[in-house]
Amino acid sequence: MVGKLFIVATPIGNLNDITYRAVETLKIVDIVLAEDTRHSKKLFEYFEISTPLKAFHEHNEREKTKSIITDLNSGISIALISDAGTPLISDPGYFLVSYAKKEGIEVIPIPGPSAVITALSASGLASNSFSFFGFLPSKKIARIKYLQNKTTLNETIIFYE
């Protein structure tokens with residue numbers, strides 16, 4: 001029996017913004033992969049989740065993915081969380097999910113908070129058409145050039161900062 005990979009959204013501020021389904025999922029899986037285990041321990045303590053946490057972040061994602069896929073293929077169910085919001089949205093996980101899909105492993109999203117949608121909903125900006133571009137380049141010249149390339153868009157544009 002093959003395990004399942006759950007992509008679980010976590011709160012973006014208030015710990016109570018997590019869904020019941022997310023807490024339940026984090027309690028029943030065998031392992032939780034966390035962007036920063038120290039940060040995630042606060043969430044786990046608050047909701048009395050005792051599932052083992054393992055670090056999974058941008059610096060180790062590629063090297064850990066094969067062993068995670070092996071675990072999933074052996075029947076272990078795993079949840080992936082980020083520090084805040086929905087995993088893979090400007091956070092690690094794309095490589096793992098892509099690999100899991102190629103291997104025929106079921107990937108189940110557990111919806112919840114998303115900083116992009118939360119900010120858009122309260123911004124007063126048009127929300128019927130928008131583009132999200134993640135984080136801007138850190139260097140000033142690259143950032144200016146990147147923004148200049150977006151000036152022709154006729155919709156709300158969202159960046160993380």
Side-chain angles (χ1 to χ4, degrees), residues 4-29 31-51 53-62 65 68 77-101 106-161:
K4 296 176 182 175
L5 178 60
F6 295 87
I7 309 303
V8 181
T10 58
I12 56 176
N14 186 320
L15 289 176
N16 288 312
D17 287 341
I18 196 166
T19 67
Y20 291 116
R21 185 174 174 217
V23 173
E24 178 183 284
T25 300
L26 295 174
K27 287 181 176 184
I28 65 167
V29 294
I31 299 168
V32 175
L33 303 175
E35 189 176 5
D36 182 341
T37 57
R38 296 168 300 180
H39 180 82
S40 298
K41 282 180 184 174
K42 295 172 191 168
L43 178 73
F44 276 45
E45 288 170 5
Y46 188 78
F47 288 103
E48 299 177 353
I49 300 167
S50 59
T51 308
L53 279 167
K54 291 189 178 181
F56 186 80
H57 45 74
E58 66 181 326
H59 303 294
N60 71 5
E61 179 176 8
R62 289 189 179 264
T65 291
I68 293 165
S77 287
I78 298 173
L80 173 65
I81 61 174
S82 63
D83 287 347
T86 303
L88 280 79
I89 310 302
S90 292
D91 280 328
Y94 167 76
F95 189 74
L96 173 62
V97 170
S98 178
Y99 202 119
K101 297 295 263 183
E106 188 175 4
V107 178
I108 302 167
I110 308 298
S114 167
V116 172
I117 301 303
T118 300
L120 181 61
S121 72
S123 70
L125 299 171
S127 58
N128 62 327
S129 178
F130 67 92
S131 292
F132 171 67
F133 295 101
F135 289 98
L136 291 168
S138 58
K139 305 241 184 218
K140 183 178 180 180
I141 293 173
R143 182 182 299 225
I144 290 169
K145 186 174 182 176
Y146 187 81
L147 289 169
Q148 286 172 336
N149 287 331
K150 306 297 181 213
T151 58
T152 59
L153 293 174
N154 191 23
E155 61 189 357
T156 299
I157 58 174
I158 302 168
F159 303 95
Y160 278 165
E161 179 58 36

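- For N154, the CG atom sits in a loose shell: 12 or fewer heavy atoms of surrounding residues, nucleotides or ligands are nearer than 6.0 Å.
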Please assess L96 against L33 for the test side chain to side chain contact (heavy atoms under 4.5 Å, CB included), listing each intermediate value before the final yes or no.
-> CA-CA 11 Å; L96 173 62; L33 303 175; 3.9 Å; yes

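- Side-chain atoms of T118 never come within 3.5 Å of backbone atoms of A115 as a donor-acceptor pair (strictly under, hydrogens ignored).
- Sorted by first then second residue, the side chain to side chain donor-acceptor pair (under 3.5 Å) pairs that include residues 78-97, not counting sequence neighbours, are S82-D91.
- Contact check for L5 versus I78: side-chain heavy atoms found under the 4.5 Å cut-off.
- With sequence neighbours left out, the salt bridge (charged side-chain N to carboxylate O under 4.0 Å, His left out) criterion links R143 to E161.
- When every heavy atom of A79 is checked against every heavy atom of V8, the shortest pair comes out as CB-CG2, 4.0 Å.
- Looking at every heavy atom in both residues, L26 comes nearest to T51 through O-OG1, 2.5 Å.
- The NZ atom of K54 lies 13.5 Å from the CG atom of L80; values are rounded to the nearest 0.5 Å.
- Counting only distance, with no hydrogens or angles, the side chain of S98 and the backbone of F95 share no donor-acceptor pair below 3.5 Å.
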Under the side chain to side chain contact (heavy atoms under 4.5 Å, CB included) rule, what do I7 and I108 come out as? Steps first, then yes or no, please.
-> CA-CA 6 Å; I7 309 303; I108 302 167; over 6 Å; no

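- Going from atom CZ of F56 over to atom CD1 of I68 covers 4.5 Å, rounded to the nearest 0.5 Å.
- Taking CG of L43 as the reference point, atom CG of L53 lies at 9.0 Å (rounded to 0.5 Å).
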Using atom types as modelled, flag every donor-acceptor pair under 3.5 Å from a side chain in residues 129-138 to any protein atom, sequence neighbours excluded.
| residue | atom | partner | partner atom | Å |
| --- | --- | --- | --- | --- |
| S129 | OG | E155 | OE1 | 2.7 |
| S131 | OG | E155 | OE2 | 2.3 |

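- A distance of 10.5 Å separates NZ in K27 from CZ in F44, rounded to the nearest 0.5 Å.
- In terms of the side chain to side chain contact (heavy atoms under 4.5 Å, CB included) criterion, I28 has no residue partners (sequence neighbours excluded).
- In this structure, the separation between CD on Q148 and OG1 on T151 is 7.5 Å, given to the nearest 0.5 Å.
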Side chain to side chain contact (heavy atoms under 4.5 Å, CB included) evaluation trace for T25 with V23 = CA-CA 5 Å; T25 300; V23 173; over 6 Å; no

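- A side chain to side chain donor-acceptor pair (under 3.5 Å) check over residues 31-43, counting only residues at least two apart or in different chains, returns the pairs D36-R38.
- The minimum heavy-atom distance between A9 and P111, with the atom names listed, is CB-C, 4.0 Å.
- Cation-pi geometry between K150 and Y146 is met: under 6.0 angstrom from the ring centre, within 45 degrees of the axis.
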Could you tabulate the donor-acceptor pairs under 3.5 Å formed by side-chain atoms of residues 11-20, not counting sequence neighbours?
| residue | atom | partner | partner atom | Å |
| --- | --- | --- | --- | --- |
| N14 | OD1 | N16 | N | 2.8 |
| N16 | OD1 | Y46 | OH | 3.2 |
| N16 | ND2 | Y46 | OH | 3.2 |
| T19 | OG1 | A22 | N | 3.0 |

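- The CZ atom of F6 sits 8.0 Å away from the CZ atom of R21 when rounded to the nearest 0.5 Å.
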